[in-house]
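Remarks on the structure that follows.
A note on names: the letters A, B, ... follow the listed sequences, proteins ahead of strands, and every chain is numbered from 1.
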There are 2 protein chains.
Amino acid sequence: MKFDRMTSAGYLVNHVARLFADGLRKRIAPLGIVPGQFPALLALWEKDGLTQKELLAVLDIEQATLANTLTRMERDGLIVRKEHPSDARARTIHLTEKARGIRADAYRAAAETNRCALADMTEDEQDLLLEFIQRVIDTMQKDKEQ
Amino acid sequence: MKFDRMTSAGYLVNHVARLFADGLRKRIAPLGIVPGQFPALLALWEKDGLTQKELLAVLDIEQATLANTLTRMERDGLIVRKEHPSDARARTIHLTEKARGIRADAYRAAAETNRCALADMTEDEQDLLLEFIQRVIDTMQKDKEQ
DNA sequence: TACTATTACATAGCATACAATGCAATGTTA
DNA sequence: TAACATTGCATTGTATGCTATGTAATAGTA
């Protein structure tokens, strides 16, 4: 029996995800952020002052992962956590001046990473690839719920 | 300005990679192995007794990552490291009876993970998706070398 | 042969992911 | 309202990835 890594979707997807993370890491290093902070920053740039729970609802990661990431972001001066006006368990999360200031550069870095990755594909192929991946995500998420 | 996570290749690829790892993790848990050990196992099932360097040549990961993974595999009773016959720096890596015994089940688990993930795509679409990802990997690896 | 460079691997430190669990605050119900 | 359940978040432990660095052995060279 054989199992070929090069035709295993899981193997390839893991590999390409690490290449993306690496590419993004290098481009955003000058901004003082790291790839794991990107999803939270995207959400907070769109809407500041969310609670952890509200952020979680948007960010396909586990609560513990987000809590730890937020702690590092606070340490790095990207966010501050303030007490929630009506629920003492919760805290609202606010971007600092520093985090607000790097938004445009961070968008460019992410777009540039994607652009380089897909550089030798046609527009149609790029669209098809994204559509395929979204379908796989949908399939796997439905599976998980069972 | 906006940046849509749902149309960012990097974001989607990161997400789908985590879903694959999760799916595989659940299926191979009964075998006593974890996803990170899979690539090394695949290589050793094909050819036992490789050195770390020889394994590295096959496994798109860094040397330090492999060294740590091998240490956990030894701890878990999957491999033993023996002294190299002619080079005292190197060690050859050998699968245990336990690791040899789960080969077929592990193949099935990985194939099943891939099958479920691609369940709602046609054969042609699956082939195209794999081809696309391989092209992206090639592009990004060439980029890294610059 | 003595020095130096290279090689093979290990280790340390960190980021990012997860599951499991703890804890205080809030909600619900008898 | 006291007891219990739920919620929001933090903490702990582990896996997996990376970079940087250490160490011992080997290879190459003056």
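Ion pairing between A/Arg135 and A/Asp138 fails under the 4.0 Å rule for side-chain N and carboxylate O.
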Taking only distance into account, with no hydrogens and no angle test, what donor-acceptor pairs under 3.5 Å do side-chain atoms of residues 55-62 of chain B form with protein atoms, sequence neighbours excluded?
none

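For residues 18-27 of chain A, the set of pairs meeting the salt bridge (charged side-chain N to carboxylate O under 4.0 Å, His left out) definition, not counting sequence neighbours, comprises A/Asp22-A/Lys26, A/Asp22-B/Lys144.
Not one N or O on the side chain of B/Asn114 forms a donor-acceptor pair closer than 3.5 Å with the backbone of A/Ser8. Panel note: side chain B/Thr113, backbone B/Ala109; a donor-acceptor pair is recorded below 3.5 Å. Judged purely by atom type and a 3.5 angstrom limit, A/Arg100 uses its side chain to pair as donor or acceptor with the backbone of A/Leu95. Judged purely by atom type and a 3.5 angstrom limit, B/Asp143 has no side-chain atom pairing as donor or acceptor with the backbone of A/Ala117. Without hydrogens or angle criteria, A/Trp45 side chain to A/Ala99 main chain gives a donor-acceptor distance under 3.5 Å. Between the side chain of B/Gln52 and the backbone N or O of B/Leu66, no donor-acceptor pair lies under 3.5 Å. Between the A/Thr96 side chain and the A/Leu78 main chain, a donor and an acceptor come within less than 3.5 Å of each other.
Heavy atoms of B/Thr69 sit nowhere under 4.0 angstrom from any nucleic acid atom. Contacts of B/Thr71 with the nucleic acid, taken as non-hydrogen atoms under 4.0 Å apart, are absent.
No chain of hydrophobic side-chain contacts below 4.5 Å, direct or via other Ile, Leu, Val, Met, Phe, Trp or Tyr residues, connects A/Phe38 to B/Met6. Both A/Tyr11 and B/Leu31 sit in one connected hydrophobic cluster of ILVMFWY residues. Membership requires side-chain heavy atoms under 4.5 Å apart, directly or through other members.
Residues from residues 53-65 of chain B lying near DNA chain D, meaning a heavy-atom separation below 4.0 Å, are B/Ile61, B/Glu62, B/Ala64, B/Thr65 in numerical order. Within residues 77-95 of chain A, the residues approaching DNA chain C are A/Asp87, A/Ala88, A/Arg89, by heavy-atom distance under 4.0 Å.
With a cutoff of under 4.0 Å to any heavy atom of chain B, the contacted region of DNA chain D is bounded 5' to 3' by D/dA15 to D/dT26. Here the range on DNA chain C touched by chain B, meaning any atom under 4.0 Å from one of its heavy atoms, is C/dT7 to C/dC18.
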Task: Intermediate values then yes/no, side-chain contact (heavy atoms from CB on, under 4.5 Å), B/Asp76 and B/Gln37 - done: CA-CA 11 Å; B/Asp76 296 347; B/Gln37 299 169 344; 3.3 Å; yes
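Nearest-nucleotide positions on DNA chain D place B/Asp76 closer to the 5' end than the other of A/Asp22 and B/Asp76. The residue among B/Ala67 and A/Arg75 whose nearest nucleotide of DNA chain C lies closer to the 5′ end is B/Ala67.
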